[in-house]
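Heavy-atom basis, side chains included; hydrogens, waters and symmetry copies ignored. Chain letters run A, B, ... following the sequence lines, proteins first, then strands; residues in each count from 1.
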There are 2 protein chains.
Amino acid sequence: MTQTRIMLVDDQALLRTGFRMVLEAEDDFTVVAEAGGGAEAIALAASVRPDVILMDVRMPGIDGIEATRQITAARPESRIIILTTFDLDEYAFGGLRAGARGFLLKDAQPNELTAAIRAVASGDASVSSRVTRRMLELFGSKLPAADDDDASRLGALTEREREVFLAIAEGLSNPELAERFFLSESTVKTHVGRILAKLGLRDRVHVVILAYRLGLVGR
Amino acid sequence: MTQTRIMLVDDQALLRTGFRMVLEAEDDFTVVAEAGGGAEAIALAASVRPDVILMDVRMPGIDGIEATRQITAARPESRIIILTTFDLDEYAFGGLRAGARGFLLKDAQPNELTAAIRAVASGDASVSSRVTRRMLELFGSKLPAADDDDASRLGALTEREREVFLAIAEGLSNPELAERFFLSESTVKTHVGRILAKLGLRDRVHVVILAYRLGLVGR
DNA sequence: CCCGGCCTGGTACCTGGGTACGACGCGCTA
DNA sequence: TAGCGCGTCGTACCCAGGTACCAGGCCGGG
């Protein structure tokens with residue numbers, strides 16, 4: 001059986017090498033390219049023609065969604081798996097709409113990862129079960145009243161970040177956040193930036209949308 | 001019976017004169033001051049000491065909420081009625097929290113207006129019935145499934161603005177709005193600005209919140 | 001004991017978004 | 001015919017917000 005040629009796309013080199021190590025441990029996988037940004041990914045996809053692309057959502061410049069759109073348009077043979085830290089965000093769903101075949105969390109177990117890659121490589125689609133569950137909850141007819149440990153779904157966030165997240169969802173500006181939490185605006189910006197990065201969101205507007213969609217605010 | 005001394009606060013001079021004409025037609029009302037901004041309002045409230053203040057929410061500089069807060073703090077004898085174009089926004093509720101005694105829509109009938117002023121002048125509170133209804137819907141235990149002409153609640157907005165409003169609530173940026181509606185970014189900005197002004201909202205973040213609160217988006 | 005995560009803060013920079021104008025064409029109505 | 005509302009577009013300005021990068025303090029675990 002021939003090897004599955006994989007490309008990694010993520011702006012964090014560290015994460016790429018982590019994934020590379022996991023993947024290279026499998027003898028039917030070979031990592032043929034790494035890209036640190038969307039533009040690079042598009043170029044490499046065209047030249048090295050990988051079978052499977054693991055695509056981060058959030059990157060400087062061209063983001064993972066747009067890159068997915070362009071790559072699938074130009075070369076549908078490359079199966080793309082969207083990677084995200086969080087299990088639900090607009091970008092990610094946009095990614096599926098953009099032609100991605102899979103959807104995985106970055107904290108997935110190695111066997112989940114390899115299974116997903118083999119699945120999409122063989123033509124199937126693979127979506128993280130947690131995501132599937134979320135999708136059903138969100139787009140199904142009835143969403144069960146959010147249990148109050150629902151905030152724990154924001155597992156990627158630290159305690160402080162969770163607080164800030166919720167406050168952003170209330171519509172507070174950065175100065176207002178600083179006032180509420182007795183922080184400098186610098187610190188607030190640091191928190192906000194980290195929240196956006198971890199959840200793969202573009203700006204505070206999307207934070208609000210996510211919070212409402214998850215039922216974390218507004219009754 | 002002595003006259004009720006009224007101050008008008010709104011950045012639109014036209015609207016002020018309109019209200020003034022309505023109010024002066026009542027022989028127990030007299031308009032003793034007009035202010036075009038929050039700072040002016042605070043100063044005038046202290047010097048002319050009106051009985052009732054009709055306060056617009058959205059103004060350049062110090063907004064109506066902050067002005068309300070400061071005036072009620074300094075001089076609780078002045079009863080403040082919040083005026084808004086729309087029947088529900090964060091600022092308005094903030095106004096009630098800030099110490100306002102009434103809440104009225106700018107398109108209220110003259111008799112509603114005069115009744116509200118007499119009510120607050122005599123010590124009662126007066127809240128527009130539409131607002132009351134909204135509050136009950138929003139903060140009551142159960143909100144009736146939004147009837148699909150619910151968007152019509154955005155009566156102040158034109159058709160185009162309504163479309164843009166909903167798209168903003170989806171999280172679209174200005175360039176994205178321009179693309180979706182085949183408009184220039186300039187036009188988009190014009191629409192967005194008008195929407196914010198009409199609804200008395202600060203920025204697009206609050207648009208999203210309002211839309212979700214009203215159940216206009218995201219099921 | 002040191003290391004790493006977390007929270008905090010700062011500086012510098014740049015872009016998106018919001019504001020304030022003014023302008024033009026269209027269609028409707030007084 | 002003269003408005004007026006609406007939608008469109010432009011230019012110019014300013015600031016909030018987001019990004020990048022660095023750094024110190026605290027705490028808990030290896």
Side-chain angles (χ1 to χ4, degrees), chain A residues 11-14 18 36-38 58-63 85 91 107 154-165 167-208, chain B residues 11-14 18 36-37 58-63 85 91 107 154-165 167-169 171-208:
Chain A
D11 58 327
Q12 301 176 51
L14 206 74
R58 193 162 200 274
M59 291 176 297
I62 297 179
D63 68 24
T85 310
Y91 288 80
D107 62 355
L154 271 25
L157 301 184
T158 66
E159 191 53 34
R160 196 51 150 175
E161 287 162 357
R162 244 188 300 276
E163 292 178 315
V164 175
F165 175 92
I168 293 173
E170 289 179 39
L172 300 200
S173 65
N174 285 339
E176 287 167 346
L177 292 172
E179 189 182 0
R180 169 175 302 190
F181 295 113
F182 305 102
L183 295 177
S184 77
E185 202 178 331
S186 296
T187 305
V188 168
K189 285 188 172 189
T190 304
H191 286 315
V192 173
R194 274 205 258 272
I195 291 168
L196 296 179
K198 286 187 178 179
L199 301 186
L201 301 172
R202 184 206 300 162
D203 52 38
R204 61 206 303 117
V205 171
H206 288 236
V207 169
V208 174
Chain B
D11 57 328
Q12 300 176 51
L14 205 74
R58 194 163 201 274
M59 291 175 298
I62 298 179
D63 68 24
T85 310
Y91 287 81
D107 62 356
L154 271 23
L157 302 184
T158 67
E159 191 52 36
R160 194 52 149 175
E161 287 161 359
R162 242 187 302 275
E163 292 179 314
V164 176
F165 175 92
I168 293 174
L172 300 201
S173 65
N174 286 338
E176 287 166 346
L177 291 173
E179 189 182 0
R180 169 175 304 190
F181 295 114
F182 304 103
L183 295 176
S184 76
E185 200 176 334
S186 296
T187 304
V188 168
K189 284 189 172 188
T190 304
H191 286 315
V192 172
R194 274 205 256 273
I195 291 168
L196 297 179
K198 287 186 177 178
L199 300 186
L201 301 173
R202 184 206 301 164
D203 53 37
R204 60 206 304 117
V205 171
H206 288 237
V207 170
V208 174

**Request:** To the nearest 0.5 Å, tell me how far A/Ile168 CD1 sits from A/Leu201 CG.
**Result:** 9.5 Å
Identify the pairs formed between an N or O of the protein and an N or O of nucleotides 24-30 of chain C at a distance under 3.5 Å, and give each distance.
none

**Prompt:** With sugar-phosphate meaning primed atoms plus P, OP1 and OP2, does A/Ser184 contact a base, only sugar-phosphate, or nothing at under 4.0 Å between heavy atoms?
**Reply:** sugar-phosphate
**Message:** What is the distance, to the nearest angstrom, from the NE2 atom on A/His206 to the P atom on C/dG16?
**Reply:** 14 Å
**Request:** Compare all side-chain heavy atoms of B/Arg204 with those of A/Asp203 and state whether any distance is below 4.5 angstrom.
**Result:** no
**Prompt:** Among A/Ile195, A/Thr158, A/Val207, whose side-chain contact (heavy atoms from CB on, under 4.5 Å) with A/Val164 holds?
**Reply:** A/Ile195
**Complete:** Taken to the nearest whole Å, CD/A/Glu159 to C1'/C/dC6 is 12 Å
**Listed partners of A/Ala167 passing side-chain contact (heavy atoms from CB on, under 4.5 Å), at least two apart** = A/Leu172, A/Leu177, A/Arg180, A/Phe181
**Complete:** With sequence neighbours left out, the residues meeting side-chain hydrogen bond (donor to acceptor under 3.5 Å, both in side chains) with A/Glu179 are none
Enumerate the protein-to-nucleotides 18-22 of chain C contacts in which both atoms are nitrogen or oxygen and the separation is below 3.5 Å.
from, atom 1, to, atom 2, distance (Å)
C/dG18, OP1, B/Arg204, N, 2.8
C/dG18, OP2, B/Arg204, NH1, 2.7
C/dG18, N7, B/Lys189, NZ, 3.3
C/dG18, O6, B/Lys189, NZ, 2.7
C/dT19, OP1, B/Arg58, NH2, 2.5

**Request:** Enter the inter-axis angle for the ends of the helix from C/dC1-D/dG30 to C/dA30-D/dT1 (five pairs per end, rounded to 10°).
**Result:** 20°
**Prompt:** Does anyone know the first and last nucleotide of DNA chain D in reach of chain B, 5' to 3', at under 4.0 angstrom to a heavy atom?
**Reply:** D/dC6 to D/dT11
**Request:** Taking all heavy atoms of A/Gly171 and all of B/Arg202, pick out the closest pair and write down the distance.
**Result:** O-NH1, 3.8 Å
**Item:** Protein-nucleotide distance (A/Arg160, atom CZ; C/dG9, atom C1'), rounded to Å
**Value:** 13 Å
**Message:** I want to confirm an ordering. Mapping A/Glu185 and B/Ser173 to their closest nucleotides on DNA chain C, which one lands closer to the 5' end?
**Reply:** A/Glu185
**Request:** Return each pair, listed once, that meets side-chain hydrogen bond (donor to acceptor under 3.5 Å, both in side chains) where at least one residue sits in residues 182-197 of chain B; pairs must be two or more places apart or across chains.
**Result:** B/Ser184-B/Thr187
